[in-house]
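What follows is one structure encoded as structure tokens, with my remarks underneath.
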Amino acid sequence: MDVSHLLNQLNDAQREAVTTQSKHTLVLAGAGSGKTRVLIHRLAWLIQVEHVSPLSILAVTFTNKAAGEMRERAQDLLKVSTRPLWIGTFHGIAHRLLRMHWQEAGLNENFQILDSDDQHRVLRRLIKEEGMDENQWPARQAQWYINARKDEGQRPPSIEHMDHPITAQWVRIYELYEAYCNRAGLVDFAELLLRAHELWLHNPSLLEHYRNRLGHLLVDEFQDTNSIQYAWIRMLAGDSGSVLVVGDDDQSIYGWRGAQVANVQHFRRDFADVQTLKLEQNYRSTGTILEGANALIANNEDRMGKKLWTAGEMGQPITLYSAFNEQDEARFVVEQIEQWLGKGRRAEEVAIVYRTTAQSRLFEEYLLKASIAYRVYGGLRFFERAEIKDALAYLRLIQNPNDDAAIERVINTPNRGIGQKTLAVLRLQARASSLPLWQAAQECIRQNLLPPRALAAIHAFMQMITDMRERMGDWTLGNQMQGVIEDSQLVSHYEKEPREKMESRVENLRELVNAADAFILPAEDEEAGMSELQSFLSHAALEAGETQGEAWDDCVQLMTLHSAKGLEFPLVFIAGMEDGLFPHKRSVTEAGGRLEEERRLCYVGMTRAREQLCLSYAEIRRMYGSESHSRPSRFLDEIPSELIREVRPRMQVQRPWVGPKAPVYKQATSRINQGWPFQLGESVNHRKFGAGTVVSFEGSGEHARVQVNFHQAGAKWLVLAYANLERAG
DNA sequence: TCCATTGACGTTTTT
DNA sequence: CGTCAATGGA
């Protein structure tokens, strides 16, 4: 068979990875080196050349987006349906396994997925109910503790805590939480993975079945795997399976949530006959950007070692702007974007990235002022919105009345006169009898344990849910959704809120009905024995939707460094490069390689840029209400200075006598600059003073003056009309 | 039950 | 400085 279509667009290293004959392969793929391409071509190679059945291939990713992209690109390349292929996220695949084998996994047939918001609520309540001090045992920390244990594969009994009263208490919370979830048929994200692992661990014949079936495993972003994911892969591979993992130890930025970079090393140790390949040719960035990134990351110890190179040009120097304060920084960045747009480039080619989410605000403000469209990544997603979760909770109850988290959410939403007091009795009853709330409520009614008014309210609520289930059983999903929203009177409940909020909520509910209407039960969910409703609810939890639905048009992208991973843009700004902010001070003080992870984060950020990288920091930043001075980020010192062009040499260091800084910069807004022969930051030449950088403007018309910071002569104010400045080449 | 005021807190986030 | 949640008064 002619395989040239699979190989002729690949470089040597990529080709070697795609055609590898080793049993196991570790592909260390640098940023922009074509790792997804390798993964997809390997997939095609296995099927078309090695005639591996598509049924025996499992490809795992971390995000739904990556999984979707992989399926789509594989489809394009293979020109046949990718339906039989198992492509999905770790969580998605674990979920599917658990649906298919819910009995063996010890689960309720109608188990529901608990998202992290649900999980938090549940824990907060359990801790309160247990009479523990919420300040001493915060739900956030409990959540973190439990998830971390699950990520390590640990159940309460296996945790050593004899001599640690504090650990013992966390374990106690873990136990309570576990019992609660089991009663209510709830499974959180970490539990999906742990259960899937235990499913095989406790059912050898089932494991054997999957080992026989899935002989070829492909794993993306391997450096992000946690312990349980790694154990899961190892278990599935067994002695016979063949595994190819792709990852980049230099891009490991999720250590703080359990990712083990060490898995990359362990892979070579734990699997026999591992061929390690490096993809170092970069197809994305200019030589300058790569050199800078290489130099930076070289400061990390414990690397597997990689050096990106490009056959392309060196390109422009990395620019560095030292802003007076965060306002000045935002102003500068937006001004640069205006220039970019002025050159006829597109806004969508530009990304502003930063360390903390709070930093987006100022940029938004300035972009708004400049009428430049933008889109902020992150934030609340569609299925995480309160009104959506409320409506879904009713559906969840139709599906499984024992879903305590759903009951708690909507039993008094909208208000039905079931207040905290009534609820407390129900919870007490539930705890005392180890029953789900629904059954405890039935018990309360039977035994008259509450005042008549409360009993009537509870009864009415339960009747409503039961009616919904009976009446809507055979309705379409969209009609069920609509029916639930109507019967629950959620809309009139939200109508009491302030108009703007209310309108968006009602609009979102309408959108939810549309989504339910448009939902088609995926074939693989059907195969796993899921109903349409079950599938819809699971999808809502597992893929909460795009971060921001609209605005796919031409707009500037704002995001944290973390969410920038995997993306690329011609022009990238990394803002807030100050010690304490980036690297963040909490990672500097904490031990355990946190600083190295910050450096990798910087590396990730830099390697997002294709043509131009622009770094900036503010000497003074207003944070938490007070002003703080900080040193420029230490990472800036790690980038060779010959690669950097300082847009504005720090004049207050060179020329302390120049005077008050603030008014000087304040005038240099984009509006005033329009029609000026020079841009702020532009390099100019003067016949007498030599080379310098335009630093500020003042006045207009024939009185217009420009401040230039000359490399030799220092800062000077010049009247434009007489100065005879030339643009530097 | 609802709204307003007060107080603590302030990396990074997908599933 | 802003946000969010908890508290307390009407």
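Sequence lines set the chain letters: A, B, ... in the order given, protein chains first and strands last, and positions in each chain run from 1.
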What does the list of N/O pairs under 3.5 Å between the protein and nucleotides 2-4 of chain C look like, with a distance for each?
| residue | atom | partner | partner atom | Å |
| --- | --- | --- | --- | --- |
| C:dG2 | O3' | A:R361 | NH2 | 3.0 |
| C:dT3 | OP1 | A:R361 | NH2 | 3.0 |

Are there any protein N/O atoms within less than 3.5 Å of an N/O atom in nucleotides 6-10 of chain C, and if so, which ones and at what distance?
| residue | atom | partner | partner atom | Å |
| --- | --- | --- | --- | --- |
| C:dA6 | OP1 | A:R124 | NH1 | 3.4 |

N/O contacts under 3.5 Å, protein versus nucleotides 2-5 of chain B?
| residue | atom | partner | partner atom | Å |
| --- | --- | --- | --- | --- |
| B:dC2 | OP1 | A:N415 | ND2 | 2.5 |
| B:dC2 | OP2 | A:N415 | ND2 | 2.4 |

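Here the P atom of nucleotide B:dT14 and the NE2 atom of A:H91 are 12 Å apart, to the nearest Å. The CG atom of A:N135 sits 15 Å away from the P atom of C:dA5 (whole-angstrom rounding). Counting to the nearest Å, the C1' atom of B:dT13 and the CD atom of A:E384 are 10 Å from each other. The nearest whole Å value for the distance from the CZ atom in A:R586 to the P atom in B:dC9 is 11 Å. Separating the CD atom of A:E597 from the C1' atom of B:dT13 is a distance of 12 Å, rounded to the nearest angstrom. Rounded to whole angstrom, the span from the CZ atom of A:R140 across to the P atom of C:dA5 amounts to 9 Å.
In this pair, A:Y145 and A:Y174 present their aromatic rings perpendicular. The plane angle is above 60°, beyond the 30 to 60° band.
Here A:H584 reaches the OP1 or OP2 of B:dT11: one of its side-chain N or O atoms lies under 4.0 Å away. Taking side-chain N and O atoms only, A:R381 has a distance below 4.0 Å to OP1 or OP2 of B:dT15. At B:dT12, none of the side-chain N or O atoms of A:S587 fall inside 4.0 Å of OP1 or OP2 (strictly under the cut-off). In this structure, A:Y624 reaches the B:dT11 phosphate: one of its side-chain N or O atoms is under 4.0 Å from OP1 or OP2. When the side-chain nitrogen and oxygen atoms of A:S626 are compared with OP1 and OP2 of C:dC1, none of them lie within a distance under 4.0 Å. Within the structure, a side-chain polar atom (N or O) of A:N64 is placed less than 4.0 Å from OP1 or OP2 of B:dT15.
In summary, of the residues considered (A:R121, A:K389, A:R427), a salt bridge (Lys or Arg N to Asp or Glu O under 4.0 Å) with A:E408 occurs for A:R427 alone.
In this structure, B:dT12 is classed as anti because its glycosidic torsion departs from zero by more than 90°.
Here A:D220 pairs with A:K35 in a salt bridge; the nearest charged N to carboxylate O distance falls below 4.0 Å.
Side-chain contact of A:R99 with A:H95: a donor-acceptor pair under 3.5 Å is present, judged by distance alone.
Contact of A:R355 with B:dT12 (side chain to base): a donor-acceptor pair of N or O atoms is detected under 3.5 Å.
The ring of A:W256 does not lie on top of the base of B:dT11; it is either too far (5.5 Å or more) or too tilted (30° or more).
With both ends at atom C1', the span from B:dT12 to C:dA5 equals 22 Å, rounded to whole Å.
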